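Below is one structure, written out as C-alpha coordinates; comments come after it.
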Amino acid sequence: MLDIKRLRTEPELVAQALLRKGVTLDLDNFQQLEAKRKSVQVSSEGLQAEKKKASKLIGQFVAQGLTVDQAKEKVAEQLKDLDQQLAASAEALQQVQNEIEALMLTLPNLPHASVPDGKSEEQNLEVARVGQPRAFDFPVLDHVSLGERRQQLDFESAGRLTGSRFALMRHEIAQMHRALGQFMLDLHIEQHGYELVNVPVIVNDQTLYGTGQLPKFAEDLFRLSVEQPYYLIPTAEVPLTNLLRDSIVEPEQLPFKFTAHSLCFRSEAGSYGRDTRGMIRQHQFEKVELVQLVAADQSYQALEEMTAHAENVLKALELPYRKMLLCAGDMGFAAAKTYDLEVWLPSQNTYREISSCSNCEDFQTRRLQARVRVDGKPQALHSLNGSGLAVGRTLVAVLENYQQADGSVLVPKALQPYMRGVERILAP
RNA sequence: GGAGGAGUGGCAGAGCGGUUGAAUGCACCGGUCUUGAAAACCGGCGAGGGUGAAAGUCCUCCGCGAGUUCGAAUCUCGCCUCCUCCGCCA
(Lines give C-alpha, C1' and ligand atoms only; values in the text may rest on other atoms or scores of the structure.)
Protein backbone atom coordinates (compact mmCIF):
# COMPACT_ATOMS: atom_id res chain seq x y z
CA MET A 1 0.00 0.00 0.00
CA LEU A 2 1.19 3.50 -0.82
CA ASP A 3 1.99 5.98 1.91
CA ILE A 4 -1.16 8.04 2.24
CA LYS A 5 0.83 10.87 3.78
CA ARG A 6 2.73 11.22 0.53
CA LEU A 7 -0.52 11.33 -1.38
CA ARG A 8 -1.67 14.12 0.89
CA THR A 9 1.50 16.19 0.72
CA GLU A 10 2.49 15.75 -2.93
CA PRO A 11 -0.58 14.47 -4.79
CA GLU A 12 0.54 15.64 -8.26
CA LEU A 13 3.87 13.86 -8.01
CA VAL A 14 2.23 10.62 -6.97
CA ALA A 15 -0.39 10.90 -9.69
CA GLN A 16 2.35 11.42 -12.28
CA ALA A 17 4.26 8.36 -11.09
CA LEU A 18 1.08 6.30 -11.13
CA LEU A 19 0.47 7.39 -14.68
CA ARG A 20 3.76 5.76 -15.65
CA LYS A 21 2.28 2.51 -14.39
CA GLY A 22 -0.79 3.11 -16.47
CA VAL A 23 -3.03 4.12 -13.57
CA THR A 24 -5.02 7.32 -13.63
CA LEU A 25 -5.73 8.68 -10.20
CA ASP A 26 -8.80 10.86 -9.78
CA LEU A 27 -7.17 13.56 -7.68
CA ASP A 28 -10.32 15.61 -7.21
CA ASN A 29 -12.13 12.63 -5.85
CA PHE A 30 -9.26 11.78 -3.52
CA GLN A 31 -8.93 15.29 -2.18
CA GLN A 32 -12.65 15.50 -1.64
CA LEU A 33 -12.58 12.30 0.36
CA GLU A 34 -9.60 13.56 2.33
CA ALA A 35 -11.29 16.84 3.19
CA LYS A 36 -14.32 14.96 4.41
CA ARG A 37 -12.21 12.53 6.39
CA LYS A 38 -10.36 15.34 8.08
CA SER A 39 -13.42 17.21 9.27
CA VAL A 40 -15.29 14.10 10.32
CA GLN A 41 -12.30 12.64 12.14
CA VAL A 42 -11.57 15.83 14.03
CA SER A 43 -15.15 16.20 15.22
CA SER A 44 -15.54 12.52 15.99
CA GLU A 45 -12.42 12.39 18.12
CA GLY A 46 -13.46 15.58 19.83
CA LEU A 47 -16.79 14.06 20.83
CA GLN A 48 -15.02 10.98 22.05
CA ALA A 49 -12.73 13.08 24.22
CA GLU A 50 -15.76 14.83 25.70
CA LYS A 51 -17.40 11.58 26.56
CA LYS A 52 -14.25 10.25 28.19
CA LYS A 53 -13.99 13.33 30.34
CA ALA A 54 -17.60 13.04 31.50
CA SER A 55 -17.13 9.39 32.41
CA LYS A 56 -14.03 10.14 34.39
CA LEU A 57 -15.89 12.88 36.18
CA ILE A 58 -18.49 10.36 37.36
CA GLY A 59 -15.67 8.21 38.62
CA GLN A 60 -14.29 11.12 40.60
CA PHE A 61 -17.62 11.95 42.18
CA VAL A 62 -18.15 8.37 43.20
CA ALA A 63 -14.69 8.28 44.71
CA GLN A 64 -15.64 11.39 46.72
CA GLY A 65 -18.57 9.54 48.23
CA LEU A 66 -21.54 10.35 46.02
CA THR A 67 -23.79 7.54 44.93
CA VAL A 68 -23.61 6.49 41.31
CA ASP A 69 -27.01 8.00 40.60
CA GLN A 70 -26.07 11.31 42.18
CA ALA A 71 -22.85 11.40 40.17
CA LYS A 72 -24.65 10.64 36.94
CA GLU A 73 -27.09 13.37 37.74
CA LYS A 74 -24.30 15.92 37.94
CA VAL A 75 -22.97 15.22 34.44
CA ALA A 76 -26.27 14.38 32.79
CA GLU A 77 -26.32 17.73 31.06
CA GLN A 78 -22.98 17.11 29.39
CA LEU A 79 -23.82 13.59 28.31
CA LYS A 80 -27.09 14.60 26.81
CA ASP A 81 -27.23 13.99 23.08
CA LEU A 82 -23.56 13.07 23.13
CA ASP A 83 -24.21 9.39 22.46
CA GLN A 84 -26.33 10.08 19.44
CA GLN A 85 -23.89 12.55 17.95
CA LEU A 86 -21.01 10.23 18.62
CA ALA A 87 -22.66 7.24 17.00
CA ALA A 88 -23.52 9.21 13.88
CA SER A 89 -20.08 10.72 13.72
CA ALA A 90 -18.29 7.40 14.23
CA GLU A 91 -20.31 5.80 11.50
CA ALA A 92 -19.59 8.63 9.09
CA LEU A 93 -15.89 8.38 9.89
CA GLN A 94 -15.88 4.64 9.35
CA GLN A 95 -17.53 5.10 6.01
CA VAL A 96 -15.06 7.67 4.66
CA GLN A 97 -12.15 5.68 5.94
CA ASN A 98 -13.46 2.59 4.23
CA GLU A 99 -13.77 4.50 1.00
CA ILE A 100 -10.24 5.84 1.25
CA GLU A 101 -8.90 2.42 2.20
CA ALA A 102 -10.65 0.82 -0.75
CA LEU A 103 -9.10 3.39 -3.06
CA MET A 104 -5.63 2.96 -1.58
CA LEU A 105 -5.79 -0.80 -2.00
CA THR A 106 -6.25 -0.44 -5.75
CA LEU A 107 -3.16 1.76 -6.22
CA PRO A 108 0.05 0.01 -7.28
CA ASN A 109 3.52 0.89 -6.08
CA LEU A 110 5.31 3.79 -7.71
CA PRO A 111 8.11 3.03 -10.18
CA HIS A 112 11.66 3.94 -9.15
CA ALA A 113 13.33 6.82 -10.98
CA SER A 114 15.70 4.41 -12.76
CA VAL A 115 12.79 2.52 -14.33
CA PRO A 116 12.20 3.37 -18.01
CA ASP A 117 8.85 4.55 -19.33
CA GLY A 118 6.77 2.10 -21.28
CA LYS A 119 3.40 0.43 -21.54
CA SER A 120 4.20 -3.21 -22.17
CA GLU A 121 7.00 -5.71 -22.50
CA GLU A 122 8.08 -4.27 -25.83
CA GLN A 123 9.55 -1.32 -23.95
CA ASN A 124 11.54 -3.45 -21.51
CA LEU A 125 15.24 -2.78 -21.61
CA GLU A 126 17.77 -5.54 -22.23
CA VAL A 127 20.63 -4.85 -19.84
CA ALA A 128 22.73 -7.99 -20.31
CA ARG A 129 22.99 -11.09 -22.45
CA VAL A 130 24.92 -14.05 -21.12
CA GLY A 131 25.91 -17.25 -22.95
CA GLN A 132 25.57 -18.20 -26.59
CA PRO A 133 22.49 -20.09 -27.80
CA ARG A 134 23.71 -23.38 -29.17
CA ALA A 135 23.71 -24.04 -32.93
CA PHE A 136 21.83 -27.26 -33.70
CA ASP A 137 22.61 -29.39 -36.76
CA PHE A 138 19.35 -31.28 -36.40
CA PRO A 139 15.73 -30.24 -36.03
CA VAL A 140 15.14 -29.28 -32.39
CA LEU A 141 12.27 -30.75 -30.42
CA ASP A 142 10.40 -28.94 -27.73
CA HIS A 143 10.34 -30.36 -24.20
CA VAL A 144 6.92 -31.90 -24.72
CA SER A 145 8.08 -34.00 -27.65
CA LEU A 146 11.30 -34.92 -25.88
CA GLY A 147 9.47 -36.05 -22.77
CA GLU A 148 6.52 -37.78 -24.38
CA ARG A 149 8.74 -39.75 -26.71
CA ARG A 150 10.02 -41.71 -23.69
CA GLN A 151 6.73 -41.53 -21.75
CA GLN A 152 8.31 -39.43 -19.04
CA LEU A 153 6.18 -36.36 -19.51
CA ASP A 154 2.52 -37.29 -19.37
CA PHE A 155 0.06 -34.49 -19.85
CA GLU A 156 -2.68 -36.90 -20.81
CA SER A 157 -2.66 -38.62 -17.43
CA ALA A 158 -2.45 -35.29 -15.63
CA GLY A 159 -5.44 -34.13 -17.64
CA ARG A 160 -7.37 -37.21 -16.66
CA LEU A 161 -6.38 -37.02 -13.00
CA THR A 162 -7.11 -33.34 -12.68
CA GLY A 163 -7.64 -31.24 -15.80
CA SER A 164 -5.80 -28.99 -18.17
CA ARG A 165 -2.65 -27.11 -17.17
CA PHE A 166 -1.35 -29.87 -14.94
CA ALA A 167 1.68 -32.03 -15.61
CA LEU A 168 2.81 -35.45 -14.59
CA MET A 169 6.51 -36.33 -14.68
CA ARG A 170 8.04 -39.76 -14.39
CA HIS A 171 11.34 -41.49 -14.01
CA GLU A 172 14.38 -39.49 -15.18
CA ILE A 173 12.50 -36.30 -15.87
CA ALA A 174 10.93 -36.42 -12.41
CA GLN A 175 14.40 -37.03 -11.01
CA MET A 176 15.92 -34.14 -12.90
CA HIS A 177 13.10 -31.92 -11.72
CA ARG A 178 13.79 -32.90 -8.13
CA ALA A 179 17.53 -32.46 -8.61
CA LEU A 180 17.06 -28.94 -9.94
CA GLY A 181 15.18 -27.83 -6.85
CA GLN A 182 17.77 -29.30 -4.51
CA PHE A 183 20.64 -27.83 -6.52
CA MET A 184 19.15 -24.33 -6.42
CA LEU A 185 18.46 -24.48 -2.70
CA ASP A 186 22.00 -25.61 -1.91
CA LEU A 187 23.47 -22.83 -4.02
CA HIS A 188 21.48 -20.17 -2.22
CA ILE A 189 22.07 -21.62 1.23
CA GLU A 190 25.77 -22.36 0.84
CA GLN A 191 27.00 -19.69 -1.58
CA HIS A 192 24.57 -16.81 -1.16
CA GLY A 193 23.85 -16.86 2.56
CA TYR A 194 20.11 -17.49 2.61
CA GLU A 195 18.27 -19.18 5.47
CA LEU A 196 16.22 -22.19 4.41
CA VAL A 197 12.55 -21.95 5.31
CA ASN A 198 9.88 -24.56 4.78
CA VAL A 199 6.59 -22.74 4.41
CA PRO A 200 2.90 -23.64 4.51
CA VAL A 201 1.37 -23.56 1.03
CA ILE A 202 -2.00 -22.65 2.48
CA VAL A 203 -2.31 -19.19 4.00
CA ASN A 204 -5.15 -17.03 5.27
CA ASP A 205 -6.50 -13.88 3.66
CA GLN A 206 -4.68 -11.52 6.00
CA THR A 207 -1.36 -12.85 4.77
CA LEU A 208 -2.38 -12.25 1.16
CA TYR A 209 -3.42 -8.69 1.94
CA GLY A 210 0.01 -8.14 3.42
CA THR A 211 1.86 -8.85 0.20
CA GLY A 212 -0.79 -7.29 -2.02
CA GLN A 213 -2.37 -10.28 -3.79
CA LEU A 214 -5.66 -9.40 -2.16
CA PRO A 215 -8.02 -7.74 -2.64
CA LYS A 216 -7.22 -6.91 -6.24
CA PHE A 217 -6.08 -10.24 -7.64
CA ALA A 218 -8.40 -12.73 -6.00
CA GLU A 219 -9.27 -14.34 -9.33
CA ASP A 220 -5.64 -15.42 -9.78
CA LEU A 221 -5.76 -17.45 -6.57
CA PHE A 222 -7.18 -20.83 -5.63
CA ARG A 223 -9.43 -20.48 -2.63
CA LEU A 224 -10.19 -23.50 -0.50
CA SER A 225 -13.82 -24.31 0.03
CA VAL A 226 -13.63 -24.49 3.80
CA GLU A 227 -15.10 -22.14 6.31
CA GLN A 228 -11.85 -20.28 6.93
CA PRO A 229 -10.57 -17.81 4.31
CA TYR A 230 -7.77 -20.12 3.20
CA TYR A 231 -5.90 -19.88 -0.10
CA LEU A 232 -3.17 -21.81 -1.88
CA ILE A 233 -0.10 -19.62 -2.21
CA PRO A 234 0.76 -18.31 -5.70
CA THR A 235 4.41 -18.03 -4.60
CA ALA A 236 6.49 -18.59 -1.46
CA GLU A 237 7.04 -14.83 -1.47
CA VAL A 238 3.73 -14.61 0.39
CA PRO A 239 4.60 -16.60 3.52
CA LEU A 240 8.27 -15.55 3.49
CA THR A 241 7.59 -11.83 3.37
CA ASN A 242 4.85 -12.16 5.98
CA LEU A 243 7.34 -13.75 8.36
CA LEU A 244 8.21 -10.33 9.74
CA ARG A 245 4.66 -9.10 10.03
CA ASP A 246 3.92 -6.95 13.10
CA SER A 247 7.47 -6.94 14.30
CA ILE A 248 10.15 -4.40 15.05
CA VAL A 249 13.65 -5.78 14.65
CA GLU A 250 17.02 -4.38 15.70
CA PRO A 251 19.36 -3.06 12.98
CA GLU A 252 21.98 -5.73 13.73
CA GLN A 253 19.48 -8.47 12.81
CA LEU A 254 19.40 -7.22 9.22
CA PRO A 255 19.40 -8.28 6.49
CA PHE A 256 16.92 -11.16 6.53
CA LYS A 257 17.54 -13.48 3.60
CA PHE A 258 15.08 -16.34 3.21
CA THR A 259 14.85 -19.05 0.61
CA ALA A 260 12.15 -21.66 0.20
CA HIS A 261 11.33 -24.39 -2.25
CA SER A 262 7.58 -24.64 -2.53
CA LEU A 263 4.63 -25.56 -4.62
CA CYS A 264 2.90 -22.58 -6.17
CA PHE A 265 -0.69 -22.43 -7.38
CA ARG A 266 -2.14 -19.99 -9.86
CA SER A 267 -5.55 -20.11 -11.41
CA GLU A 268 -4.18 -18.37 -14.53
CA ALA A 269 -7.52 -16.75 -15.09
CA GLY A 270 -7.32 -14.53 -18.13
CA SER A 271 -4.54 -16.44 -19.84
CA TYR A 272 -6.64 -18.89 -21.81
CA GLY A 273 -4.91 -19.88 -24.99
CA ARG A 274 -1.45 -18.74 -23.92
CA ASP A 275 1.27 -21.37 -23.57
CA THR A 276 -1.28 -24.14 -23.62
CA ARG A 277 1.31 -26.67 -24.73
CA GLY A 278 3.80 -27.99 -22.21
CA MET A 279 5.01 -27.01 -18.79
CA ILE A 280 5.50 -23.29 -19.25
CA ARG A 281 2.21 -22.20 -17.72
CA GLN A 282 0.69 -24.53 -15.15
CA HIS A 283 -1.83 -24.26 -12.35
CA GLN A 284 0.66 -25.99 -10.07
CA PHE A 285 4.41 -25.60 -10.23
CA GLU A 286 7.49 -25.54 -8.06
CA LYS A 287 9.68 -22.58 -7.41
CA VAL A 288 12.72 -21.76 -5.35
CA GLU A 289 12.05 -18.32 -3.97
CA LEU A 290 14.40 -15.68 -2.59
CA VAL A 291 13.12 -13.03 -0.20
CA GLN A 292 15.09 -10.29 1.50
CA LEU A 293 14.00 -7.80 4.15
CA VAL A 294 16.52 -5.02 4.47
CA ALA A 295 17.02 -1.47 5.69
CA ALA A 296 15.54 1.17 3.42
CA ASP A 297 18.91 2.51 2.26
CA GLN A 298 20.15 -0.97 1.33
CA SER A 299 17.35 -2.21 -0.89
CA TYR A 300 18.67 -1.20 -4.30
CA GLN A 301 22.03 -2.75 -3.66
CA ALA A 302 20.18 -5.83 -2.41
CA LEU A 303 18.17 -5.96 -5.62
CA GLU A 304 21.35 -6.13 -7.70
CA GLU A 305 22.77 -8.85 -5.46
CA MET A 306 19.62 -10.89 -5.42
CA THR A 307 19.30 -10.75 -9.18
CA ALA A 308 22.90 -11.94 -9.41
CA HIS A 309 21.99 -14.85 -7.12
CA ALA A 310 19.27 -15.91 -9.52
CA GLU A 311 21.64 -15.43 -12.47
CA ASN A 312 24.18 -17.69 -10.79
CA VAL A 313 21.76 -20.60 -11.13
CA LEU A 314 21.55 -20.06 -14.88
CA LYS A 315 25.30 -19.61 -15.13
CA ALA A 316 25.98 -22.79 -13.16
CA LEU A 317 23.61 -24.71 -15.43
CA GLU A 318 25.22 -23.04 -18.46
CA LEU A 319 21.92 -21.85 -19.86
CA PRO A 320 21.97 -18.81 -22.16
CA TYR A 321 19.83 -15.96 -20.84
CA ARG A 322 19.28 -12.25 -20.94
CA LYS A 323 18.51 -9.79 -18.20
CA MET A 324 15.69 -7.34 -18.74
CA LEU A 325 14.88 -4.17 -16.84
CA LEU A 326 11.10 -3.93 -16.89
CA CYS A 327 9.49 -0.70 -17.97
CA ALA A 328 7.05 1.03 -15.63
CA GLY A 329 3.94 -0.30 -17.36
CA ASP A 330 5.02 -3.95 -17.33
CA MET A 331 5.87 -4.20 -13.65
CA GLY A 332 3.84 -6.02 -11.04
CA PHE A 333 1.50 -4.35 -8.58
CA ALA A 334 3.87 -4.16 -5.61
CA ALA A 335 7.15 -3.61 -7.45
CA ALA A 336 9.14 -0.37 -7.64
CA LYS A 337 11.82 -1.93 -9.85
CA THR A 338 12.02 -5.34 -11.47
CA TYR A 339 14.58 -7.35 -13.39
CA ASP A 340 13.35 -10.33 -15.36
CA LEU A 341 15.69 -13.11 -16.36
CA GLU A 342 14.76 -14.79 -19.60
CA VAL A 343 16.22 -18.13 -20.60
CA TRP A 344 16.82 -19.21 -24.19
CA LEU A 345 14.32 -21.78 -25.46
CA PRO A 346 15.52 -23.30 -28.77
CA SER A 347 12.09 -24.66 -29.69
CA GLN A 348 10.58 -21.19 -29.49
CA ASN A 349 13.70 -19.53 -30.84
CA THR A 350 13.34 -16.87 -28.18
CA TYR A 351 14.00 -15.93 -24.56
CA ARG A 352 11.30 -16.75 -22.01
CA GLU A 353 10.87 -15.50 -18.43
CA ILE A 354 12.36 -17.82 -15.83
CA SER A 355 12.87 -15.39 -12.95
CA SER A 356 11.55 -12.06 -11.78
CA CYS A 357 13.39 -10.08 -9.11
CA SER A 358 11.71 -7.05 -7.56
CA ASN A 359 12.31 -4.40 -4.99
CA CYS A 360 8.97 -3.56 -3.42
CA GLU A 361 10.49 -0.90 -1.17
CA ASP A 362 8.04 -0.29 1.69
CA PHE A 363 4.88 -1.05 -0.29
CA GLN A 364 4.37 -4.43 1.39
CA THR A 365 6.04 -3.76 4.72
CA ARG A 366 3.86 -0.76 5.44
CA ARG A 367 0.78 -2.98 5.54
CA LEU A 368 2.73 -5.72 7.23
CA GLN A 369 4.11 -3.39 9.90
CA ALA A 370 7.53 -4.97 9.41
CA ARG A 371 9.93 -2.44 10.86
CA VAL A 372 13.44 -1.84 12.13
CA ARG A 373 14.35 0.42 15.02
CA VAL A 374 16.50 3.28 13.73
CA ASP A 375 17.63 5.83 16.33
CA GLY A 376 14.88 4.58 18.60
CA LYS A 377 12.19 5.12 15.96
CA PRO A 378 10.44 2.33 14.02
CA GLN A 379 11.06 2.55 10.28
CA ALA A 380 9.51 0.37 7.57
CA LEU A 381 11.81 -2.27 6.13
CA HIS A 382 12.13 -2.76 2.41
CA SER A 383 11.10 -6.10 0.96
CA LEU A 384 12.50 -7.84 -2.11
CA ASN A 385 11.55 -11.06 -3.78
CA GLY A 386 12.90 -13.05 -6.67
CA SER A 387 12.61 -16.44 -8.24
CA GLY A 388 15.78 -18.40 -7.99
CA LEU A 389 14.39 -20.07 -10.15
CA ALA A 390 11.08 -21.41 -11.40
CA VAL A 391 11.88 -25.13 -11.30
CA GLY A 392 9.51 -26.35 -14.02
CA ARG A 393 10.68 -23.75 -16.51
CA THR A 394 14.29 -24.52 -15.67
CA LEU A 395 13.59 -28.17 -16.46
CA VAL A 396 12.12 -27.12 -19.79
CA ALA A 397 15.22 -25.04 -20.53
CA VAL A 398 17.62 -27.86 -19.65
CA LEU A 399 15.71 -30.42 -21.71
CA GLU A 400 15.61 -28.22 -24.76
CA ASN A 401 19.09 -26.70 -24.60
CA TYR A 402 20.85 -29.97 -23.79
CA GLN A 403 19.01 -32.18 -26.28
CA GLN A 404 20.89 -34.43 -28.66
CA ALA A 405 20.10 -35.64 -32.16
CA ASP A 406 18.88 -39.01 -30.85
CA GLY A 407 16.37 -37.40 -28.51
CA SER A 408 18.45 -37.91 -25.40
CA VAL A 409 19.43 -35.05 -23.09
CA LEU A 410 22.81 -34.41 -21.48
CA VAL A 411 22.78 -33.58 -17.79
CA PRO A 412 24.50 -30.26 -16.97
CA LYS A 413 27.76 -30.79 -15.09
CA ALA A 414 26.56 -28.93 -12.03
CA LEU A 415 23.48 -31.10 -11.81
CA GLN A 416 25.18 -34.48 -12.11
CA PRO A 417 26.06 -34.78 -8.40
CA TYR A 418 22.36 -34.32 -7.69
CA MET A 419 21.50 -37.19 -10.04
CA ARG A 420 23.94 -39.75 -8.70
CA GLY A 421 26.40 -38.98 -11.49
CA VAL A 422 24.07 -39.67 -14.39
CA GLU A 423 25.38 -37.84 -17.46
CA ARG A 424 22.56 -38.44 -19.93
CA ILE A 425 18.83 -39.09 -19.69
CA LEU A 426 16.12 -40.10 -22.15
CA ALA A 427 18.53 -42.37 -24.03
CA PRO A 428 16.80 -44.33 -26.81
C1' G B 1 -13.13 -35.05 17.97
C1' G B 2 -13.80 -34.82 23.81
C1' A B 3 -12.27 -32.57 28.86
C1' G B 4 -9.61 -28.82 31.40
C1' G B 5 -6.11 -24.33 31.58
C1' A B 6 -3.97 -19.92 29.51
C1' G B 7 -3.36 -15.54 26.13
C1' U B 8 -1.25 -8.13 29.31
C1' G B 9 4.55 -3.75 26.77
C1' G B 10 11.34 -6.63 24.05
C1' C B 11 10.97 -10.54 28.11
C1' A B 12 9.07 -11.93 33.03
C1' G B 13 4.83 -10.66 35.72
C1' A B 14 0.78 -7.68 38.70
C1' G B 15 -3.93 -5.69 37.92
C1' C B 16 -10.10 -8.62 37.55
C1' G B 17 -15.62 -2.28 36.76
C1' G B 18 -13.67 4.05 37.90
C1' U B 19 -8.28 10.21 36.71
C1' U B 20 -4.75 2.31 34.25
C1' G B 21 -1.42 2.88 28.32
C1' A B 22 -1.27 -0.19 32.38
C1' A B 23 2.46 -1.63 39.16
C1' U B 24 7.12 -4.19 39.78
C1' G B 25 11.57 -6.68 38.00
C1' C B 26 14.93 -7.65 33.91
C1' A B 27 16.67 -5.69 29.34
C1' C B 28 17.68 -1.04 26.83
C1' C B 29 19.19 4.47 26.56
C1' G B 30 21.17 9.03 29.19
C1' G B 31 23.59 10.90 33.68
C1' U B 32 26.34 10.83 38.67
C1' C B 33 30.37 8.18 40.92
C1' U B 34 35.23 5.60 39.06
C1' U B 35 42.08 5.85 36.26
C1' G B 36 38.70 2.43 33.40
C1' A B 37 34.94 -1.21 33.90
C1' A B 38 31.47 -3.37 37.20
C1' A B 39 28.30 -2.30 41.23
C1' A B 40 25.31 1.49 43.33
C1' C B 41 22.25 5.74 42.69
C1' C B 42 19.20 9.40 39.56
C1' G B 43 16.35 10.03 35.08
C1' G B 44 14.20 8.18 30.51
C1' C B 45 12.02 4.17 27.85
C1' G B 46 5.34 0.69 23.75
C1' A B 47 2.80 1.00 18.96
C1' G B 48 -0.60 3.03 15.24
C1' G B 49 -3.25 7.31 13.81
C1' G B 50 -5.36 12.57 13.77
C1' U B 51 -4.31 17.77 14.36
C1' G B 52 -0.67 21.54 14.54
C1' A B 53 4.71 25.70 11.79
C1' A B 54 6.26 23.85 16.45
C1' A B 55 5.75 22.97 21.55
C1' G B 56 1.89 20.32 22.34
C1' U B 57 -2.65 18.01 22.18
C1' C B 58 -6.41 14.39 21.00
C1' C B 59 -8.09 9.33 19.47
C1' U B 60 -7.23 3.93 19.25
C1' C B 61 -4.75 -0.52 21.03
C1' C B 62 -4.09 -5.51 27.28
C1' G B 63 -5.13 -12.53 21.29
C1' C B 64 -9.43 -11.12 17.52
C1' G B 65 -14.67 -9.60 16.93
C1' A B 66 -19.38 -8.32 18.98
C1' G B 67 -22.13 -6.90 23.51
C1' U B 68 -23.43 -4.90 28.73
C1' U B 69 -22.23 -0.02 31.19
C1' C B 70 -21.91 6.95 32.07
C1' G B 71 -17.16 4.16 32.17
C1' A B 72 -14.11 -2.44 30.32
C1' A B 73 -7.40 -5.08 30.52
C1' U B 74 -11.25 -6.27 34.18
C1' C B 75 -18.25 -8.62 33.15
C1' U B 76 -21.11 -11.55 28.87
C1' C B 77 -21.13 -14.09 24.01
C1' G B 78 -18.58 -15.90 19.54
C1' C B 79 -13.90 -16.93 17.21
C1' C B 80 -8.51 -17.78 16.97
C1' U B 81 -3.92 -19.48 19.06
C1' C B 82 -1.02 -22.06 22.71
C1' C B 83 -0.45 -25.74 26.90
C1' U B 84 -2.12 -30.50 29.62
C1' C B 85 -4.96 -35.13 29.41
C1' C B 86 -8.06 -38.74 26.39
C1' G B 87 -9.41 -40.57 21.43
C1' C B 88 -7.98 -40.86 16.23
C1' C B 89 -4.17 -40.41 12.68
C1' A B 90 0.68 -39.67 8.55
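Reminder, nothing fancy here: chain letters follow the sequence lines and each chain counts from 1. Predicted model only: the values in this text are computed from it and were never measured.
Contacts of A:His112 classified as ring pair (Phe, Tyr, Trp, His ring centres under 6.0 Å), with partners at least two apart in sequence or in another chain: A:Tyr300. Remark: A:Glu268 pairs with A:Ser271, A:Arg281 by the side chain to side chain donor-acceptor pair (under 3.5 Å) rule, at least two apart or across chains. With sequence neighbours excluded, the residues that form a ring pair (Phe, Tyr, Trp, His ring centres under 6.0 Å) with A:Phe333 are A:Phe217, A:Phe363. With sequence neighbours excluded, the residues forming a ring pair (Phe, Tyr, Trp, His ring centres under 6.0 Å) with A:His283 are A:Phe166, A:Phe222, listed by chain and number. Here A:Phe256 pairs with A:Phe258 under the ring pair (Phe, Tyr, Trp, His ring centres under 6.0 Å) rule; sequence neighbours left out.
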Which donor-acceptor pairs under 3.5 Å do the side chains of residues 87-95 of chain A make with protein atoms, sequence neighbours left out?
| unit_1 | atom_1 | unit_2 | atom_2 | d |
| --- | --- | --- | --- | --- |
| A:Ser89 | OG | A:Ser44 | OG | 3.4 |
| A:Gln94 | NE2 | A:Asn98 | OD1 | 3.1 |

Can you list, pair by pair, the side-chain donor-acceptor contacts under 3.5 Å of residues 413-422 of chain A, counting residues two or more places apart and other chains?
| unit_1 | atom_1 | unit_2 | atom_2 | d |
| --- | --- | --- | --- | --- |
| A:Gln416 | NE2 | A:Val411 | O | 3.0 |
| A:Tyr418 | OH | A:Asp186 | OD2 | 2.7 |
| A:Arg420 | NH2 | A:Gln175 | OE1 | 2.7 |

Would you list the protein and nucleotides 6-9 of chain B atom pairs, both N or O, that sit under 3.5 Å from each other?
none

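Defined by atom type and a distance below 3.5 Å, a donor-acceptor pair is missing between the side-chain atoms of A:Asn385 and A:Ser358. Residues A:Ser267 and A:Arg223 bring no donor and acceptor atom of their side chains to less than 3.5 Å of each other.
Within 4.0 Å (heavy atoms only), A:Lys377 reaches no atom of the nucleic acid at all. When heavy atoms are screened at a 4.0 angstrom cut-off, A:Gln369 is found touching the sugar-phosphate backbone but no base atom.
Residue pairs that meet the side-chain hydrogen bond (donor to acceptor under 3.5 Å, both in side chains) test with at least one member in residues 13-32 of chain A, sequence neighbours left out, are A:Arg20-A:Asp117.
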Return one dot-bracket line describing RNA chain B 5' to 3' (Watson-Crick or G-U wobble pairs, both distances under 3.5 Å; ( ) same strand, [ ] crossing, | another strand, . none).
((((((((.[[[..)..(.....]]].(((((.......))))).((((((....)))))).[[[[[..)....]]]]])))))))....
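For RNA chain B, the residues of residues 239-248 of chain A within the heavy-atom distance limit of 4.0 Å (strictly under) are A:Ile248, sorted by number.
For A:Arg367, no side-chain nitrogen or oxygen approaches OP1 or OP2 of B:rG48 to under 4.0 Å. For A:Arg373 and B:rA47, the shortest distance from a side-chain N or O to OP1 or OP2 is below 4.0 Å.
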Its contact letters, B for base, S for sugar-phosphate only and - for none at protein heavy atoms under 4.0 Å, make nucleotides 54-72 of chain B read ----BSS---------BS-
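Taking every side-chain heavy atom of A:Gln41 into account, B:rG49 is the closest of B:rG48, B:rG49, B:rU19.
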